[in-house]
Chemist: 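Below you'll find the structure I mean.
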Number of protein chains: 2
Amino acid sequence: MLTSPTSEALAAFLDEQLRLGGALLQVVGECEVLYSGRAASVAEAGDYLVLVKPDGSVQVQGPRGVKPVNWQPQTDSIAVGLEEGVAVLTAERFTPAELVRVAFDHPALALAIELDENGNFVLMGSEAEMQRALARNPEVIEPGLQLLEMELPTDVGGIDLLARDAAGRLVVVELKRSKATHEAVHQLSRYVESVRAVVGDCEVRGVLAAPAVTAPALNRLGALGLEFREVTALPDLDEAPQQPGLFG
Amino acid sequence: MLTSPTSEALAAFLDEQLRLGGALLQVVGECEVLYSGRAASVAEAGDYLVLVKPDGSVQVQGPRGVKPVNWQPQTDSIAVGLEEGVAVLTAERFTPAELVRVAFDHPALALAIELDENGNFVLMGSEAEMQRALARNPEVIEPGLQLLEMELPTDVGGIDLLARDAAGRLVVVELKRSKATHEAVHQLSRYVESVRAVVGDCEVRGVLAAPAVTAPALNRLGALGLEFREVTALPDLDEAPQQPGLFG
DNA sequence: ACATGAATATTGGAT
DNA sequence: ATCCAATTTTCATGT
């Protein structure tokens, strides 16, 4: 870590860290940023926070908003140099061709941080979690619904939930955690066909359960005689009692 | 700035800085992040860089990519507290209702940075700019073209440029700053139809003006009797003469 | 490599 | 507060 480094010290520090790799680099201070590629932009001299990640992605964060002022998703080439006494970072990408140049006019702080990548698994409110929640309480999908199977294997994949409705019909339920697309409809359709082929004597319904559905998917559902059910089965974290061990 | 602070020290530090406002806050270390709102996600314990900006926006950056692992664009309420010996940041937004909670299990570093907002002017090459440039000089699109309207509203949306060609025909121009897709063709097609419906007695051409076009889009254009015109209205910063005082 | 589609898209402006 | 449109969208996926 360096505080108020000279341009030479900053350039040497960044150069060494870039060669080493593996660290998240950070420079705070007054800089000018230039982007040229899919569009073109120039950020005049101002205070910014510049982040350079181990994968070569660069982002220049200003004082407001989540979106960086300038950025580069991933870079094929990244280098630092001295130009007329100023440390300059150049990050380039080839496809599409674009370039970000950051000139550190008055660096106030430079940091190299090791971010352990181990165990950084992000679990989105997962489909599995949603499946368990709905399995515990199938009536959320439809009153009178009784669960028969979870993750039932078929020749075309696994059925999320298989249930029986109040009228005794089989119900194939396909779950999506986020907005359901025509892919989900296609999947559900195949499952329903597969089940119908096995139990020809029983009426079989298909239900797509998701928090939302795209318009084309809804159209296709209707055309195939399938149904959509809006479910938001994710645990309501605002109102749910705190889990011991998680956040305290 | 704090290094390896205790949870109590971290909570006190963040609380004070949040009350003061104006600073960009940063915490590096092992934490758990929970998001609930438009979707739901949990990031398991791992090393992250957490940024809290003066406008209340929160982002949790992992070791890769420009996009944060978890984030919140702006917050109506932000607070820090101690829960069972762990400093916890809670950032809430009301519309849409969403919540981010960050539990700092093992903080390694906490920083408060002053980012001066003065003079952070950013010049972009945007579609609006491209539109103005072409409006000033329509001959770039086609010799003899005369501008009639900009952003002309129709029942199916706004026409970027409406012009008259050398032969007196109306020309509907659809602009795209980047590679035009079939979406742009569809849009142009609707505009042309809309204009033809209004002025049945005058021939109407449709021109898609963009720096590039996808192959399917070009095919569709041809099938619909529309035209493509390559324009590169963005300022080319690579070839432009260097400004003295800017990057050397 | 390219095209296509989804996303907690974000953001700014108009209504 | 909603809706609409632009964005260097980014990112993942299929071809």
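Below, chains carry the letters A, B, ... as their sequence lines are ordered, and counting in each starts from 1.
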Chemist: Tell me what Pro216(B) touches on the nucleic acid: a base, only sugar-phosphate, or nothing, going by heavy atoms under 4.0 Å.
Modeler: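 Result for Pro216(B) = sugar-phosphate.
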
Chemist: Please name all residues satisfying salt bridge (charged side-chain N to carboxylate O under 4.0 Å, His left out) with Arg220(B), sequence neighbours left out, ordered by chain then number.
Modeler: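 Arg220(B): no salt bridge (charged side-chain N to carboxylate O under 4.0 Å, His left out) contacts found.
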
Chemist: Any side-chain N or O of Arg38(A) less than 4.0 Å from the OP1 or OP2 oxygen of dT10(D)?
Modeler: yes

Chemist: Looking at residues at least two apart in the chain, or sitting in another chain, which of them share a side chain to side chain donor-acceptor pair (under 3.5 Å) with Ser194(B)?
Modeler: Asp155(B)

Chemist: Just the atom pairs and distances: protein N or O near nucleotides 11-13 of chain C's N or O, under 3.5 Å.
Modeler:
| residue | atom | partner | partner atom | Å |
| --- | --- | --- | --- | --- |
| dT11(C) | OP1 | Val66(A) | N | 2.7 |
| dT11(C) | OP1 | Lys67(A) | N | 3.4 |

Chemist: Would you mind reading off the distance between Glu183(B) atom CD and dT4(C) atom P, rounded to a whole angstrom?
Modeler: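 My rounded result for the distance is 10 Å.
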
Chemist: Tell me the interatomic distance from Asp55(A), atom CG, to dC11(D), atom P, rounded to whole angstroms.
Modeler: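 The distance from CG of Asp55(A) to P of dC11(D) comes to 8 Å, rounded to the nearest Å.
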
Chemist: Taking atom C1' of dT8(C) as reference, at what distance in whole Å does atom CZ of Phe94(B) sit?
Modeler: 18 Å

Chemist: Kindly indicate, with the supporting measurements, whether the criterion side chain to side chain contact (heavy atoms under 4.5 Å, CB included) is fulfilled by Gln74(B) and Arg64(A).
Modeler: CA-CA 9 Å; Gln74(B) 262 174 339; Arg64(A) 293 183 336 185; over 6 Å; no

Chemist: Let me know the distance between NE2 of His186(A) and C1' of dG14(D), rounded to the nearest Å.
Modeler: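 Rounded to whole Å, this separation is 14 Å.
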
Chemist: By nearest nucleotide on DNA chain C, pick out whichever of Thr95(A) and Trp71(B) is the more 5' one.
Modeler: Thr95(A)

Chemist: Map Arg93(A) and Gln187(B) onto DNA chain D by nearest heavy atom, then report which one ends up closer to the 5' terminus.
Modeler: Gln187(B)

Chemist: Could you work out the separation of dT8(C) and dA6(D) based on their P atoms and round it to a whole Å?
Modeler: 23 Å

Chemist: Identify the two heavy atoms, one from Thr75(B) and one from Ser57(B), that lie closest to each other, and give their separation to 0.1 Å.
Modeler: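 That would be OG1-N, 4.4 Å.
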
Chemist: Between dC4(D) and dT8(D), how far apart are the P atoms? Round to whole Å, please.
Modeler: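 Here dT8(D) and dC4(D) have their P atoms 22 Å from each other.
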
Chemist: How would you list, by chain and number, every residue that makes a salt bridge (charged side-chain N to carboxylate O under 4.0 Å, His left out) with Glu193(A), sequence neighbours excluded?
Modeler: Arg196(A)

Chemist: Measure the distance from NZ on Lys176(B) to P on dT9(D) and round it to the nearest whole Å.
Modeler: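 That distance rounds to 11 Å.
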
Chemist: The criterion is salt bridge (charged side-chain N to carboxylate O under 4.0 Å, His left out); which residues satisfy it with Glu30(B), sequence neighbours excluded?
Modeler: none

Chemist: Please tabulate, for side-chain N and O atoms in residues 87-94 of chain A, each donor-acceptor pair with protein atoms closer than 3.5 Å (sequence neighbours left out).
Modeler:
| residue | atom | partner | partner atom | Å |
| --- | --- | --- | --- | --- |
| Arg93(A) | NE | Glu98(A) | OE2 | 2.8 |
| Arg93(A) | NH2 | Glu98(A) | OE2 | 2.5 |

